[in-house]
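Everything on this sheet refers to the single structure shown next.
In what follows, chains are A, B, ... by sequence order, proteins preceding strands, each numbered from 1. Fair warning: this is a prediction, and the values are worked out from it, not measured in the lab.
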Protein chains: 2
Amino acid sequence: MITGALHLDLDRDRPVALHRQIETAIRDAIRSGRLPLGAALPSTRTLSADLGVSRGTVVEAYQQLTAEGYLSSRGGGYTYVAAGARPPRPTPRPAPPSRPRIDFGYGRADVSSFPRAAWLRSVRRVLNDAPGDRLGYLNGRGSPELRDALSGYLNRVRGTDIDPDHMVICSGFAQGVSLVLHAAAARGARRLAVEDPTSQDAVQVARALGLQVVGIPVGEDGADVAALAASDADVVVLTPSHQWPLGAVLPPESRAAVIEWAVRRGALVVEDDYDAEYRYDRAPIGAMQGLAPDHVVHAGSVSKTLAPGLRLGWLAVPHDLADAVADAKILADRGSSSIEQLALADFLERGELDRHLRRMRPVYRRRRDVLLAALRERLPDLEPTGVSAGIHLVAWLPPDLDEESVIAAARARGVGIAGLRPHRMSPAGRDALIFGYSSIGERAIAEGVALVAEAIADVRGR
Amino acid sequence: MITGALHLDLDRDRPVALHRQIETAIRDAIRSGRLPLGAALPSTRTLSADLGVSRGTVVEAYQQLTAEGYLSSRGGGYTYVAAGARPPRPTPRPAPPSRPRIDFGYGRADVSSFPRAAWLRSVRRVLNDAPGDRLGYLNGRGSPELRDALSGYLNRVRGTDIDPDHMVICSGFAQGVSLVLHAAAARGARRLAVEDPTSQDAVQVARALGLQVVGIPVGEDGADVAALAASDADVVVLTPSHQWPLGAVLPPESRAAVIEWAVRRGALVVEDDYDAEYRYDRAPIGAMQGLAPDHVVHAGSVSKTLAPGLRLGWLAVPHDLADAVADAKILADRGSSSIEQLALADFLERGELDRHLRRMRPVYRRRRDVLLAALRERLPDLEPTGVSAGIHLVAWLPPDLDEESVIAAARARGVGIAGLRPHRMSPAGRDALIFGYSSIGERAIAEGVALVAEAIADVRGR
């Protein structure tokens with residue numbers, strides 16, 4: 001009897017209409033395969049008598065399931081199953097990979113220090129005050145309030161020369177470089193130069209777009225400008241304020257040479273203005289964009305100052321590229337969240353970012369000092385570099401150690417740490433470890449270095 | 001005298017260090033061209049004496065500007081300008097295009113009714129309670145809290161069969177379809193079928209990816225399934241619950257035929273589950289995804305239920321596509337805002353979306369009724385279609401009118417309204433107007449229709 005297969009136990013006390021209960025039971029039976037494809041259902045007259053409900057109740061359930069495509073009817077009121085069972089669910093949710101106990105991960109602010117109360121105040125002001133149309137679709141450039149606030153902030157703090165009309169708000173550097181590369185490729189760019197080593201953000205996107213990618217070696221003084229000149233590139237992505245990951249500052253002569261190259265070739269410089277907010281032992285260096293706003297894209301985000309979870313970044317682009325980049329943003333996702341754009345504008349205008357950075361700089365500086373002291377004490381044959389700014393450092397390994405073995409041995413001791421190799425464009429080069437210190441306390445840093453020292457002893461003892 | 005060119009008026013009362021004031025004045029003079037490329041600066045000794053400041057103050061300013069690339073020095077302490085002037089700013093910000101006084105725009109919720117207080121409560125709970133790591137980077141699928149809440153909601157309300165592990169949170173339908181098409185193209189898809197007429201979201205992305213795009217005619221019963229079967233497509237984007245823009249519901253037999261086609265060809269169906277929340281005169285129709293979760297992508301967003309400005313949408317994808325779509329999301333933008341994802345999860349779990357929709361349905365229904373009555377009275381020779389659900393309707397124009405003339409004449413009378421032609425894949429077909437009624441009050445609707453009637457009289461009177 002079909003009502004058995006359906007487990008059609010109607011519960012007249014449930015706050016669910018009887019026709020809905022019938023509908024759900026039949027749908028579940030079809031999905032599970034208990035009612036197979038093609039199976040005939042009892043007539044509405046029979047089923048209503050069986051269940052002690054009105055015929056109209058059953059008719060309504062059958063009509064709904066017919067409308068949804070589960071049932072179909074032939075002439076004469078004969079109703080049958082029109083959809084097949086689903087295959088069983090593949091597997092239960094896999095357990096997430098276990099986290100290291102001490103994690104020297106890099107590339108993000110200390111999210112445990114995110115200024116939640118100040119951010120909530122900004123969101124509240126936006127929800128109280130923003131005109132209704134700000135909750136609709138914005139144009140591709142993003143909220144004018146945020147572009148005004150950001151250009152004011154960056155022109156003040158980073159020495160940029162940004163016109164808010166030439167900004168495009170985006171979801172962070174990864175999306176930003178993607179939008180710029182889309183626009184550059186549409187304008188005919190064929191070859192991208194990146195620093196070597198480099199973050200892979202631009203590389204992945206460029207390859208997906210069919211651009212050639214060439215690495216420019218990085219030395220003590222940042223990217224090798226002669227190699228850039230010889231690269232035949234149309235676009236270069238640089239980290240002049242604090243080379244990622246090695247930490248060098250691009251010297252003035254090199255900046256001038258890069259700009260001269262860009263002007264001569266009609267090439268585009270994308271400046272990833274990375275880590276400039278955290279300086280410890282050197283003077284602030286203005287952004288390159290201020291020298292040549294018509295040739296340099298300035299790109300930044302709040303991922304390393306506030307939290308990656310906000311997914312907010314920006315581009316300041318040469319005026320002849322602004323429309324194309326804004327169009328690319330519209331095509332990509334129709335714009336970033338307007339409430340959060342307005343909240344960040346309020347947050348900046350009230351000086352909350354300045355305040356947060358003033359609070360965090362000494363915290364990060366102390367963590368860096370503890371890390372350097374621990375490395376000196378426990379791992380004197382590692383050579384730290386890029387230590388005068390930022391929220392990570394790179395430590396060169398001595399020649400007898402390879403980074404993959406050290407990383408695996410550290411992992412076995414509960415320490416997460418990354419190596420340099422995944423960021424290299426060419427296979428040659430010294431191995432190194434990347435110690436992010438933004439998100440672990442001073443005690444854990446010292447303990448983590450001790451554990452890495454033990455891991456290195458493990459590797460050497462084999 | 002150079003200090004004149006620099007307007008070097010130091011203000012000892014300003015809370016800005018003197019070396020900063022010198023630095024800013026020189027930088028501005030270089031940028032404006034008052035100090036040309038190659039110009040020599042006074043020695044630090046001379047300038048410090050001129051200004052009555054310590055020599056160290058001037059040295060610090062020169063060093064900073066040298067570090068930024070504005071100045072350079074040759075042997076003997078001789079300092080000159082190393083960067084050129086910027087060309088003058090192109091043009092002041094253009095005035096935004098004037099808005100129509102009455103706007104029958106479509107495709108968005110009434111943002112003036114956005115439940116600001118309830119949303120703020122959800123944001124506050126997230127900022128109070130969310131663990132710190134939720135503010136870092138999430139994986140490509142998005143917040144598990146939101147995927148759990150959404151799958152629960154959709155499985156209950158839309159009759160879907162969604163496993164939260166196969167969801168990917170995205171920025172709305174436009175990004176969602178882009179992610180799916182990227183993954184499908186990477187798997188070898190070459191040809192996309194879309195309804196004709198259709199929203200252009202998928203079309204633009206498909207063309208950018210190099211896919212062929214073919215239109216499937218839409219009739220009274222939605223998409224023509226026979227034309228789909230003959231289309232040789234690998235992917236089809238459909239709006240089965242409420243065809244966009246014509247409003248037809250895809251009948252059960254057609255749904256079954258589409259799924260059979262997809263299974264036979266190994267093709268992918270993308271279900272844009274559009275407007276299903278607003279029904280007035282018909283029974284709810286479950287989503288197609290519930291019939292065949294391994295062949296149908298279910299895509300939706302909050303743009304038409306809450307506000308486009310949130311930029312939150314979702315995909316429920318067949319299990320064999322989930323990793324590829326999540327990877328595409330990571331490549332595109334590293335994920336959507338985590339605070340807003342968690343806020344939406346809280347908002348759903350507390351029944352706030354149900355509450356908001358219960359509040360809005362009668363509002364939209366009354367606006368539709370006023371619109372239909374006004375059209376009957378003032379424009380009886382227009383034929384409304386797709387009126388039983390949604391937040392817009394299409395009105396066919398009689399053969400003597402072309403939509404572009406009517407749109408222009410309406411615009412001249414202060415009414416914004418769209419036509420059907422920009423959404424057609426093939427040039428043939430009747431002209432029509434699209435009346436969005438979500439975002440204007442009842443009085444403005446009646447007035448707007450009267451103005452469109454006058455505009456049509458203008459066109460006919462020419």
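The part of A:Val126 that comes within reach of chain B is its backbone (N, CA, C, O), which places non-hydrogen atoms under 4.5 angstrom from that chain. Of the atoms belonging to B:Arg255, it is side-chain heavy atoms, and not backbone ones, that fall under 4.5 Å from chain A. Only the backbone of A:Pro131 comes within contact range of chain B, with heavy atoms under 4.5 Å apart. When heavy atoms are compared at a cutoff of 4.5 Å, B:Arg20 approaches chain A solely by way of its side chain, counted from C-beta outward. Contact annotation for A:Tyr137: both backbone and side-chain heavy atoms come within less than 4.5 Å of a heavy atom of chain B. For B:Thr24, no part lies under 4.5 angstrom from a heavy atom of chain A.
Scanning both residues, B:Gly69 and A:Pro252, for their nearest heavy atoms gives CA-CB, 3.9 Å.
Residues A:Leu135 and B:Arg116 meet the side-chain proximity criterion, which asks for heavy atoms closer than 4.5 Å. Taking 4.5 Å as the limit, some side-chain heavy atom of B:Arg334 sits within range of a side-chain heavy atom of A:Asp201.
Side chain of A:Arg311 to backbone of B:Ser338: no donor-acceptor contact under 3.5 angstrom is found.
Salt bridge A:Asp133/B:Arg99: present, at least one basic N to carboxylate O contact under 4.0 Å.
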*Chi angles and distances behind the side-chain contact (heavy atoms from CB on, under 4.5 Å) call for B:Val123, A:Trp119*: CA-CA 10 Å; B:Val123 173; A:Trp119 187 257; 5.6 Å; no

